[in-house]
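Convention: sequence-line order gives letters A, B, ...; per-chain numbering from 1. Just the heavy atoms: all of them, side chains too, but no hydrogens, waters or symmetry mates, feed the values below. What you see is a predicted model, and the numbers here were worked out from it, not measured in a lab.
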Amino acid sequence: MSMTLTEKLLARASRRERVTPGEIIIVEPDVVLSHDNSAAIATIFGQLPQGRVKHPDRLAITLDHAVPPPTVKHARNHAEIRRFVREQGIENFFEVGRGICHQVLCEEGAVGPGLTLLGADSHSPHCGWLGSFGAGIGRSETAALWATGELWLRVPETMRIELNGSLAIGVTAKDLTLHLIGLLSADGATYMAVEFAGDGLAGISPDSRAVLTNMMAEMGAKNACMAPDEVTWAWLEANLARTRPRDFRERLNYFRQAALYPDPDAKYALNHVVDLSQIEPMVSCPHAVDKVKPLSALRSKTVDVGFIGTCTNGRLEDIASAAEVVRGKKLAARLLVIPASSLVLRDAVAAGYIADLIDAGATIGTPGCGPCMGNHMGVLAPGEVCISSANRNFQGRMGERDAEIYLANPAVVAASCVAGKIIHPAEVVRAGDAK
Amino acid sequence: MTRTAHRVWKYGDNVNTDVIFPGKYTYTVSHDRAALARHALEDLDPVFAEGVSRGDVIVAGRNWGNGSSREQAVTCLIAAGVHAVIAVSFARIYYRNAINSGLLVIECADAVEAVESGDDIEIDLAATRILVAGQSYAFPSLPPQVLEILDAGGIIPWLGGRTLA
Ligand code: SF4
């Protein structure tokens with residue numbers, strides 16, 4: 001019987017020959033992700049009779065949601081997590097400043113082809129761009145998972161999204177995801193797996209692939225994935241050589257053995273075919289991600305502040321595209337740039353992008369989530385309008401109920417900060433050239 | 001006797017966890033029942049926290065609880081005394097969190113359509129039916145593994161642990 005990539009990943013994680021959509025299975029994930037919420041999970045864990053984490057080597061904890069800690073309460077939370085990490089002997093622990101959990105676990109090779117990750121974070125589908133299964137879970141079940149190493153899951157039906165052709169210049173993976181979410185709506189993939197495929201995938205960069213799987217959380221998907229290809233292996237090799245110079249060959253071989261691919265005749269519950277050349281820059285309007293409009297329909301909306309960062313669009317390619325737009329210009333609106341990880345920050349400094357951004361008047365933050373969920377470091381005032389490269393624009397998301405959040409690709413965010421209003425990057429670049 | 005009576009608070013489609021329980025409190029309010037209850041639905045319905053009574057139910061449209069995985073979006077309702085959420089559909093992490101925290105979640109589009117805020121309804125869990133003004137609406141039964149966890153009051157008591165709040 002043929003299986004989709006997600007079915008194969010779940011069959012492996014539940015040690016079965018095969019699984020069928022609708023079944024409830026017990027999975028043993030390879031990786032269990034948590035972040036600043038680890039202290040709260042540890043408190044729930046403390047109520048269980050087990051007392052010890054069953055597989056400490058499968059836990060991965062990153063401090064990223066409020067870093068550096070903005071208040072004593074947050075600092076105490078981090079201290080509690082460090083204590084738990086020591087007590088339980090958790091080696092995959094990433095300190096303040098290393099970056100956002102989803103980005104860091106990929107960079108560190110903690111997750112990769114063929115593996116299954118369950119994460120106490122809703123953007124856990126992110127790691128699916130490496131050919132893994134990643135799904136978000138809640139805190140209590142994470143505590144249960146720490147204790148027992150296993151958890152119940154329903155096997156999802158799979159929606160296949162076939163990408164053909166290539167994106168036009170200035171159009172990004174973010175625009176593609178906003179287009180899909182606008183088309184299929186915020187619950188278009190609820191309880192489902194999304195599998196990206198098609199010839200068009202080969203032309204999509206690693207940084208952009210992560211945008212695709214990450215944003216499927218906003219369509220309600222349980223997980224989103226794609227089969228590993230040459231692009232995936234090349235990225236893994238280059239990255240793991242940086243982050244784990246001692247054992248990266250071993251780790252790569254492990255991933256090569258574990259890698260899974262969908263059967264050519266697998267059954268999909270839904271099929272969508274996208275002609276990439278038809279996608280244009282898109283903007284998601286307040287206060288729902290699926291309130292999507294083409295950028296061309298949003299003339300002269302004034303903005304007070306821009307935010308480039310998050311697990312969705314805080315990678316090198318994103319910062320590069322913003323730097324290119326603002327280079328040699330002055331910003332009319334505030335712009336906050338927060339790299340998704342310390343490696344991204346390091347590379348952005350080396351390439352001169354950070355200098356371009358600072359010269360234009362941007363602010364640079366510590367790698368982490370920043371104001372994405374309204375915790376700190378760039379939250380909005382009442383009445384302010386923000387254009388952001390993040391994934392959510394819900395009311396109150398960035399801390400203030402009476403603020404508006406627009407979502408767009410990083411070049412559009414940067415251009416809008418130059419102009420002080422939502423605008424196509426080409427217009428800003430052209431205006432600069434004319435002077 | 002599995003039949004229970006409840007008063008309805010009704011909301012629309014796509015209610016996300018940020019308006020059920022604001023993100024700004026997620027690292028400062030975790031297990032304090034009174035505080036959880038005080039912020040319940042704060043950015044959706046400012047009168048809810050004061051007006052809700054033990055045993056009330058929330059009735060909602062499509063995709064209740066989409067967005068962040070924060071469990072307080074479930075536990076704040078339990079703390080506020082909410083007995084169940086009946087919706088056309090749920091976001092999947094919310095659905096999992098509800099079961100794993102012991103909050104009854106029912107998908108029943110017909111019942112959602114039939115009621116308004118302030119209405120009285122009855123839930124018959126054994127018969128998997130919701131009764132509204134003499135009409136009865138069926139809902140799908142939950143898988144046995146899931147019912148077991150719900151019956152135990154959530155995944156922590158199911159594994160032999162104590163619940164916090
Ligand atoms: S960047 Fe935003 S969406 Fe991503 S993990 Fe952090 S808070 Fe969540």
Rounding to 0.5 Å, atoms CG (L159(B)) and CD (Q50(A)) come to a distance of 6.0 Å
Has R76(A) got more than 12 heavy atoms of other residues, nucleotides or ligands less than 6.0 Å from its CZ? no
Applying a strict 4.5 Å limit to non-hydrogen atoms, the region of A120(A) in contact with chain B is backbone
Scanning both residues in full, the closest heavy-atom pair of S89(B) with D187(A) reads OG-OD2, 4.2 Å
Between M373(A) and R70(B) the two heavy atoms that sit nearest each other are CE-NH2, 3.8 Å
In terms of heavy-atom contacts, R397(A) and S68(B) come closest through NH1-CB, 4.4 Å
Value for CD1 (I44(A)) from CD (E71(B)), rounded to nearest 0.5 Å, stands at 5.0 Å
Honestly, the part of V146(B) sitting under 4.5 Å from a heavy atom of chain A is side chain
Close side-chain approach of T17(B) to F394(A), heavy-atom, < 4.5 Å
no
Okay, A39(A) and chain B: the region with an atom under 4.5 Å from a heavy atom over there is neither
Assert top hit (heavy-atom pairs under 4.5 Å, partner chain B, pool G138(A), S185(A), S140(A)) equals S140(A)
Closest non-hydrogen atoms of I156(B) and L48(A), given as atom of the first, atom of the second and distance, are O-CD2, 3.8 Å
d(T142(A) OG1, N100(B) CG) to nearest 0.5 Å is 9.5 Å
Turns out that what part of L151(A) lies under 4.5 Å from chain B's heavy atoms comes down to side chain
Discussion item. Looking only at side-chain N and O atoms, does D43(B) offer a donor or acceptor that is under 3.5 Å from a partner on Q395(A)?
Written reply: no
d(R154(A) CZ, Q145(B) CD) to nearest 0.5 Å is 12.5 Å
Looking only at heavy atoms, the pair that brings S122(A) and G67(B) closest together is CB-O, 3.6 Å
Turns out that what part of P143(B) lies under 4.5 Å from chain A's heavy atoms comes down to side chain
When the 4.5 angstrom heavy-atom criterion is applied to Y95(B) and chain A, the contacting part is side chain
Scored by heavy-atom pairs under 4.5 Å with chain B, the best of G136(A), G46(A), G374(A) is G136(A)
**Close side-chain approach of Q72(B) to R139(A), heavy-atom, < 4.5 Å** = yes
The interface call for A288(A) against chain B, heavy-atom contacts under 4.5 Å, is neither
Most contact-rich option vs chain A, by heavy-atom pairs under 4.5 angstrom, among D13(B), I155(B), I149(B), is I155(B)
Taking every heavy atom of R92(B) against every heavy atom of Y191(A), the minimum-distance pair comes out as CB-CD2, 3.6 Å
Under 4.5 Å to a heavy atom of chain B? For S124(A) that would be neither
Cut-off 4.5 Å, heavy atoms of chain B, and the answer for A217(A) is neither
Practice problem: I would like to know whether N97(B) and E141(A) meet side chain to side chain contact (heavy atoms under 4.5 Å, CB included); could you show each step before the answer? | Solution: CA-CA 8 Å; N97(B) 280 341; E141(A) 47 184 351; 3.9 Å; yes
Applying a strict 4.5 Å limit to non-hydrogen atoms, the region of N14(B) in contact with chain A is side chain
CG of N16(B) to CZ of R392(A), rounded to nearest 0.5 Å, is 8.5 Å
